[in-house]
**Student:** 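Please find one structure pasted underneath; my questions will follow.
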Number of protein chains: 2
Amino acid sequence: MTTIYDVATAAGVSRQTVSNVLNSPEVVRPATRERVLAVINQLGYRPHASARRLRTRTSSTLAIRIAPSGDGISGSILDTLLHSVTVHARTRGLRVLLFSAADPYDEIEQFQDLLAGSDVDAFIITGTTHEDPRLEWLLGRHVPFVSFGRPWGLPAEESQAISWVDVDGYSGIREATRSLLSSGHHEIGFLGWPSPSGTGDERRRGWRDTMTEEAGWTRADVTTLQRATTEGISGAKEAAIGLQQAHPGLDAIVCASDTLALGAILADIDVPVIGFDSTPVSVSLGFPSVAQPIDEVAHAIIEIIVRLVERGDDDPLPPEEFRQRLLLPHLIQHGQAPS
Amino acid sequence: MTTIYDVATAAGVSRQTVSNVLNSPEVVRPATRERVLAVINQLGYRPHASARRLRTRTSSTLAIRIAPSGDGISGSILDTLLHSVTVHARTRGLRVLLFSAADPYDEIEQFQDLLAGSDVDAFIITGTTHEDPRLEWLLGRHVPFVSFGRPWGLPAEESQAISWVDVDGYSGIREATRSLLSSGHHEIGFLGWPSPSGTGDERRRGWRDTMTEEAGWTRADVTTLQRATTEGISGAKEAAIGLQQAHPGLDAIVCASDTLALGAILADIDVPVIGFDSTPVSVSLGFPSVAQPIDEVAHAIIEIIVRLVERGDDDPLPPEEFRQRLLLPHLIQHGQAPS
DNA sequence: AGGCGGAATTTGAACGATCAAATTCCGTTG
DNA sequence: CAACGGAATTTGATCGTTCAAATTCCGCCT
């Protein structure tokens with residue numbers, strides 16, 4: 001193994017100069033820099049990351065929790081995010097460490113371990129809930145983190161302190177509903193999750209507002225055009241059938257997820273169905289779905305993390321517009337007709 | 001931040017004793033051990049992982065490459081593996097680092113970086129190909145690694161040196177075919193990938209041998225009962241239609257993947273279809289599929305890695321049966337009927 | 001030619017842990 | 001009661017890097 005000393009000796013400079021070539025090239029005279037770089041290449045020197053971390057107390061690594069196991073149909077959004085995050089992280093010289101945790105408290109336990117060893121500079125958290133203990137813990141210690149998903153239902157003051165990236169489900173469902181309207185449909189139902197659910201309620205509003213503002217329905221009328229059911233195929237199937245029985249004129253359904261959409265499709269009521277998340281199921285069966293721009297999400301997350309990490313410990317937080325990003329999803333018409 | 005010195009001072013012992021309490025408890029007198037542990041808890045001391053790594057040159061971390069982006073329908077096997085690996089890794093005190101690479105050479109580049117910094121002790125590699133440059137590189141440097149998937153087509157001698165965990169596709173397809181036979185089907189077709197393909201050919205043989213050994217077909221007859229097509233729905237659909245036209249008596253189809261199976265189902269030829277991998281698509285559509293025991297795979301991988309890492313640098317390799325595991329997949333009858 | 005001052009480079013110290021060797025402790029034994 | 005010896009504990013050195021301070025270099029001005 002070659003160390004910084006070997007390089008220094010071979011290049012006829014001191015170890016610190018080698019260090020500077022790598023970390024602050026601008027302070028080294030160009031001629032020297034070239035010479036050192038040549039030696040570095042020739043010897044194949046790579047800095048010892050742990051030694052650097054010990055000294056600098058930073059790791060250039062971010063951590064993200066991975067849920068115990070893929071739950072099946074839709075769970076893959078987070079997996080997709082993981083891919084994109086890893087790729088974008090690399091372009092900024094960051095690494096991604098995975099960890100698993102049984103529950104939020106266990107997760108906090110892991111935060112501690114990872115931070116204590118200078119293993120990790122920042123976290124990406126997902127699935128924040130009301131009164132999430134993780135938020136308080138992280139904020140209290142000034143640990144840089146970004147949430148994928150807005151932290152719903154927090155007092156404005158606290159929510160301001162949190163960095164997040166999210167996808168505007170409201171707009172996504174509006175776009176889906178609008179596309180159905182413009183292709184001549186009118187009596188469009190909605191299949192969603194039971195309230196309260198930050199994400200779910202927002203998607204429902206997207207549909208409701210489009211129906212009332214752009215299709216001439218009244219608030220009262222649209223209430224019977226929607227059903228709520230927990231994520232799952234059989235429940236969705238029943239709900240879709242129920243919807244059609246109540247509204248024989250029903251001519252399309254917008255859903256809060258691909259799972260619900262699949263249920264609606266399997267109900268065989270023969271109207272167009274639009275899902276959410278553009279999961280493998282919608283891709284392969286070919287029904288339209290609102291796709292989250294996961295790659296953009298990853299990009300935004302990484303940019304924010306870089307900003308947060310670079311910030312000195314008592315510099316002020318960057319302004320909100322740099323730390324909170326709401327991205328637009330887009331309706332995708334998958335090639336094939338439903339079977 | 002509390003260090004080992006703080007603990008030592010507070011407990012009235014030397015730093016080394018504290019270190020021993022954590023790393024070799026058996027050499028510390030029980031009374032002392034208790035006292036030190038109490039202080040550790042009280043102060044919330046956590047060892048600084050980077051300092052330890054610098055000294056010991058090990059990281060308790062393994063790395064796995066994550067492919068650039070989820071390709072859609074089937075890719076999720078590796079994601080599932082990632083989940084399981086992370087969980088099992090934790091039980092053995094290991095961490096999981098992700099990295100991305102554009103191609104095998106780029107991947108080797110990353111191996112170097114990660115090893116140079118004592119960031120990583122071992123790798124999990126996937127998708128090994130004939131003449132894989134990674135194998136040579138890793139073997140040449142005695143870097144511990146485990147391959148998910150047998151390295152196909154290597155000279156026996158070299159192949160012996162490699163540790164791997166794989167799933168016996170041959171048996172899986174045999175089980176699938178046999179189950180169709182036992183439910184009264186006889187003219188069972190096979191949809192697979194073009195040869196040569198280690199995995200694909202193996203699965204095809206599973207079907208062929210079952211047909212000839214257990215269903216009374218001749219080698220010659222079965223050749224027309226199978227079609228090969230690249231992974232994709234439309235190709236599979238055509239192939240399935242072609243199969244039925246050639247064999248009007250066709251009464252079931254076994255496929256090398258869920259994607260192919262979905263194609264066959266969408267061909268509407270109304271015979272039972274069995275897929276492979278039990279992906280979300282087969283789960284949600286409810287067609288049977290051969291499921292890889294991914295959790296067992298992850299467990300086996302971690303056990304092997306632990307063995308390899310613990311091994312001194314010139315200890316002999318553990319015997320093959322500890323380093324090469326072929327696991328059995330199982331046919332899963334998903335609840336629901338195809339739409 | 002001597003002195004000045006900023007740029008470039010080098011030197012000393014430290015980050016927190018573990019290894020290896022040295023020392024202390026303490027119960028046994030002659 | 002002193003010497004012995006194994007167990008328990010402490011001390012000195014080191015892993016590879018970067019920070020901060022000290023030193024050297026070198027062109028330029030008077």
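Sequence lines set the chain letters: A, B, ... in the order given, protein chains first and strands last, and positions in each chain run from 1. All values derive from a computational prediction rather than experimental measurement. What you see below is based on every heavy atom in this structure, not just the backbone, and it leaves out hydrogens, waters and symmetry mates.
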**Student:** I'd like to know whether CD of B:Glu136 has more than 12 heavy-atom contacts from other residues, nucleotides or ligands below 6.0 angstrom.
**Tutor:**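 Atom CD in B:Glu136 is not crowded, with 12 or fewer foreign heavy atoms closer than 6.0 Å.
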**Student:** Please collect all salt bridge (Lys or Arg N to Asp or Glu O under 4.0 Å) contacts where either partner lies in residues 141-160 of chain A, sequence neighbours excluded, each pair once.
**Tutor:** A:Arg150-A:Asp166, A:Arg150-A:Glu202
**Student:** My understanding is that only residues two or more places apart in sequence, or in another chain, count here; which of them pass salt bridge (Lys or Arg N to Asp or Glu O under 4.0 Å) with B:Asp119?
**Tutor:**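 Counting only residues at least two positions away or on another chain, B:Asp119 forms a salt bridge (Lys or Arg N to Asp or Glu O under 4.0 Å) with A:Arg53, A:Arg95.
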**Student:** For the helix from C:dA1-D:dT30 to C:dG30-D:dC1, what angle lies between the axis at the first five pairs and the axis at the last five pairs, to 10 degrees?
**Tutor:** 60°
**Student:** Using a 4.0 Å cut-off to any heavy atom of chain B, which nucleotides of DNA chain C are the first and last in contact, reading 5' to 3'?
**Tutor:**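 Span of nucleotides near chain B: C:dG16 to C:dA20.
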**Student:** Pairs under 3.5 angstrom, nitrogen or oxygen only, protein versus nucleotides 11-17 of chain D, please.
**Tutor:**
residue	atom	partner	partner atom	Å
D:dG12	N7	B:Arg15	NH2	2.8
D:dG12	O6	B:Arg15	NH2	2.4
D:dA13	N6	B:Arg15	NH2	3.1
D:dT14	O2	B:Arg55	NE	2.9
D:dC15	O3'	B:Arg57	NH2	3.4
D:dG16	OP1	B:Arg57	NH2	3.3
D:dG16	N2	A:Ala51	O	3.4
D:dT17	OP1	A:Tyr45	OH	2.5
D:dT17	OP1	A:His48	N	2.9
D:dT17	OP2	A:Ile4	N	2.5

**Student:** Partners of B:His88 by ring pair (Phe, Tyr, Trp, His ring centres under 6.0 Å), sequence neighbours excluded?
**Tutor:**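 Ring pair (Phe, Tyr, Trp, His ring centres under 6.0 Å) check on B:His88 returns B:His299.
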**Student:** Going by side chain to side chain contact (heavy atoms under 4.5 Å, CB included), name the residues that satisfy it together with B:Arg55, two or more places apart in sequence or in a different chain.
**Tutor:**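 So B:Arg55 forms no side chain to side chain contact (heavy atoms under 4.5 Å, CB included) with any residue.
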**Student:** Report the residues that fulfil side chain to side chain contact (heavy atoms under 4.5 Å, CB included) with A:Ala63, sequence neighbours left out, ordered by chain and then residue number.
**Tutor:**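 For A:Ala63, the residues satisfying side chain to side chain contact (heavy atoms under 4.5 Å, CB included) (neighbours in sequence not counted) are A:Leu97, A:Phe99, A:Leu114, A:Val120, A:Phe123.
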**Student:** Under the salt bridge (Lys or Arg N to Asp or Glu O under 4.0 Å) rule, collect the residues that match up with A:Glu109, sequence neighbours excluded.
**Tutor:** B:Arg46
**Student:** According to salt bridge (Lys or Arg N to Asp or Glu O under 4.0 Å), does anything in residues 6-34 of chain B pair up with another residue at least two apart or in another chain? List the pairs.
**Tutor:** none
**Student:** Applying ring pair (Phe, Tyr, Trp, His ring centres under 6.0 Å), can you list everything that pairs with B:Trp137, at least two apart in sequence or on another chain?
**Tutor:** B:Phe111
**Student:** Could you name each residue pair satisfying salt bridge (Lys or Arg N to Asp or Glu O under 4.0 Å) that touches residues 121-133 of chain A, not counting sequence neighbours?
**Tutor:** A:Asp132-A:Arg134
